[in-house]
J.: 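Below you will find the structure I want to go over with you.
For clarity, every value in this text was computed on a predicted model and none was experimentally measured.
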Amino acid sequence: VSAAADARGRTGSSDLGRTASRFLRRNAWTLGLLTLLVVLLGVTRAIQPTYGPAGVESLSKAALPVALAALGQAIVVIAGGIDLSVGSMMALTNVTAAALMKGQSEEAAVLIVLLVVLQGLVLGVINGLLIVVTRVPDIVVTLAMSFVWAGAALLVLSTPGGSAALWLKGLYSGTVGSDWLPKALVLIVIATAIGWVPLRRTRLGLAFYAVGSDRLAAFRSGVDIRRTKIASYALCGLFAALGGLALTMATGTGIPVPGPYTLASVAAIVLGGVSLAGGRGGLVGVVLAVFVLRLVRADLTFLGIDPNFTTVIEGLTMVIVVMVGAVVALRRRRA
Amino acid sequence: VTGAGAAASEQGDRWASLAGVRRIVRDQPVLPLLGLLLLLVLTLQLVQPGTVSAAWVGTSIKLAIPLAILAACQTLTMLTGGIDLSVAFVASMSAYLMATQAPVHGPVIGVSLALLACALAGLANGIGVGTFRVHPLIMTLATSLVVVGLMTVYQVRVVSEGADVPAEITWISGANSFGVVPNALLLFVPLAALILWVLRRWGFGRLLYAIGDNEGAARLAGVRVWGVHVTLYVISGLLAGIAGLVIAGITNVATVTLAEKYLLPSVAAAVIGGTSIFGGRGGYAGSIVGALILTVLTTLLTVMRMPEAMRQILFGAMIVAVAAAYTRITEER
């Protein structure tokens, strides 16, 4: 009896080991980024001993709009597309929210927020429909649509203006519970969950990965490719709208000029382990990557390095990370 | 029998004509594009009679030239299935380096230094794409970040010395001869002829199509794919540098963000010109006409007193419409 129990115990522990090693292998990239982030936080603390809750709050605030743009971009890229109009959609939803909220009551602002989220979904669906109906490559359609959405933003507000509800601005600044938990960080976690659940726990999420990794195989397995594509762009539009709202919160106004969020989102997903070829990667890594990129920028400022060099370092980080990723992938294929 | 034969041949004719249209659009996209260009010019003349004149044609061509050169970068890289998003930043770098170095060391050294820097940026792109197999979108994006950062740092260093575009550059790109003929044609016509000739007749041009069509097959056929990529992106960097010099000559200023607004139109001109973003199909003649179309379209929208907002919207809508028409007509069913 004792021998049997012993055997059972052994298989149990080796099962656990296998699960653990599988978890490690599957999430190697994300865990690596997490380690990198922790190391970077340590480095930050070393060069700036006063780095504390205030630093974490400003980091989270800076990361919020980029993280939202990158989450939307990640979903589209996983489904085999790319959306170069994210930045323009953020500008459009940002000015729409600010323009509508001007002179409105705090309660009406709730309705406006819902309206803007709906607007984002509609923008995304239009992008997706155009791609599916015209059969023009994603990159061309979204590139052209980036002009359209930026123009529409100028139609809504020709100069920066509008205002934001007080409660909306209150969602962004300050902390909840502990000093170490800024509200912006909570918002990022909630947004990641909003994207993570449909991506990992529904048929639609599975369809995103299927279409992204092999369209033909997905089609023959009964996945509706057109509907999946449109859904991925709709989700991207949704996140762009959240990003636009984040800009409204942060600035309290609407600015009708697209910020650098499209390129930043592409940089973040690449560093976050999402393959541009589609079908690979997740959302947690992407959010971690946004934090890593922002923290590197902050560290360079603390070190007194010319802030203009941060762009150089960001570019180099991106290249090196992608090259390392490519070499690792090549090794694994040969092995 | 004869009746049936006649009916069959009639049907055959109809099919032949439809297929013929398709073939023309697919193989000679320049013809329908020239039609579109003519249509835009006619609309412009109808909207604002008297706009279209010899001087106007000269100015339009002059403004289209830098866009056409940048579109060459996109056309060449797109033929291999790539893209070069660094062109606008490399072009600005070239203009700014030239304008800050030329007053100190003379125009020849200024231009050479600028083009050398562009070739280096292109080399970085080429090594990344060709040797390390980084996706061109990412690689050229990263290079743009590096270039922008370095130029901003450089700008802070030399800001006291000031930037000045030498007269030679202004003459070759900004001035006209005989009143209306832009001097920039002296530069552009040989350049365009060379690109067209290389794509049609040289082995290197063939290799670009071959890699874009089927990279694996090209590799198995003995093509050193990485070498082609490195050469291609260096050429693209140099072309972007030349375009930057031309823009600086036209506007007579040089800043580190001079050419930024040309990035998306350069891709649009190549796409409108019938070059496939997936590689293997297209050519430079279409891109030149595409650049002209975009320039005339901008004039048309300005003349119609469209607000900037509507201009951008129509610009984007037009790109989607032309690209969609292409895909519809040339697609095999």
Side-chain angles (χ1 to χ4, degrees), chain A residues 82 84-85 88 130-131 133-158 256 260 262-264 266-267 269-271 275-277 305-327 329-330, chain B residues 78 83 85-86 124-125 127-128 131-139 141-157 256 263-265 267-268 270-272 276-278 306-328 331:
Chain A
I82 189 162
L84 297 185
S85 68
S88 299
L130 277 174
I131 290 164
V133 170
T134 64
R135 270 173 281 171
V136 173
D138 305 50
I139 184 169
V140 176
V141 172
T142 54
L143 180 66
M145 291 315 281
S146 73
F147 285 101
V148 175
W149 303 140
L154 276 173
L155 273 189
V156 176
L157 274 186
S158 52
T262 304
L263 297 189
V266 174
I269 63 154
V270 168
L271 182 59
S275 158
L276 268 189
I305 293 177
D306 188 336
N308 295 309
F309 257 122
T310 50
T311 341
V312 178
I313 308 253
E314 253 169 38
L316 290 178
T317 326
M318 219 163 107
V319 175
I320 292 167
V321 163
V322 174
M323 283 179 183
V324 168
V327 169
L330 210 66
Chain B
M78 273 161 66
I83 193 164
L85 291 187
S86 67
N125 280 332
I127 290 176
T131 318
F132 289 92
R133 327 271 325 131
V134 179
H135 195 292
L137 197 74
I138 300 295
M139 191 59 217
L141 187 64
T143 308
S144 341
L145 289 180
V146 174
V147 165
V148 168
L150 286 178
M151 285 322 289
T152 331
V153 175
Y154 174 72
Q155 185 186 26
V156 176
R157 298 273 150 83
V256 285
L263 176 59
L264 302 184
V267 179
V271 168
I272 288 181
S276 160
I277 207 148
F278 295 133
M306 287 276 175
E308 170 67 19
M310 284 310 291
R311 251 190 280 169
Q312 288 196 20
I313 293 178
L314 286 173
F315 198 77
M318 167 111 174
I319 297 171
V320 176
V322 173
Y326 253 118
T327 324
R328 269 292 132 92
E331 201 167 62

J.: Under a 4.5 Å cut-off applied to non-hydrogen side-chain atoms, are B:V320 and A:V148 in contact?
T.: no
J.: Tell me, for A:S158 versus chain B, whether the close heavy atoms (under 4.5 Å) come from the side chain, the backbone, both or neither.
T.: neither
J.: Could you check which of B:L264, B:V148, B:L85 has the highest count of heavy-atom pairs closer than 4.5 Å to chain A?
T.: B:L264
J.: Do B:L137 and A:I82 come close enough that some side-chain heavy atom pair is under 4.5 Å?
T.: yes
J.: Nearest 0.5 Å, please: how far is CG in A:L143 from CD1 in B:I319?
T.: 6.5 Å
J.: Need one label for B:L150: side chain, backbone, both or neither, based on atoms under 4.5 Å from any heavy atom in chain A.
T.: both
J.: Is chain A contacted by the side chain of B:L314, its backbone, both, or neither, given a heavy-atom distance below 4.5 Å?
T.: neither
J.: Quick check: closest heavy atoms across A:G151 and B:A309, and the distance to 0.1 Å?
T.: O-CB, 3.1 Å
J.: Any heavy-atom pair between the side chains of A:I139 and B:V267 that's under 4.5 Å?
T.: no
J.: For A:L130, is it the side chain, the backbone, both or neither that has a heavy atom under 4.5 Å from a heavy atom of chain B?
T.: side chain
J.: Tell me, side chain or backbone of A:L155 under 4.5 Å from chain B's heavy atoms, or both, or neither?
T.: both
J.: What's the separation between atom CG in A:L316 and atom CG in B:L145, rounded to the nearest 0.5 Å?
T.: 9.5 Å
J.: With rounding to the nearest 0.5 Å, note down the distance linking CG in A:D138 to CD1 in B:I277.
T.: 10.0 Å
J.: Pick one of side chain, backbone, both or neither for B:V156, based on which atoms fall under 4.5 Å of a heavy atom in chain A.
T.: side chain
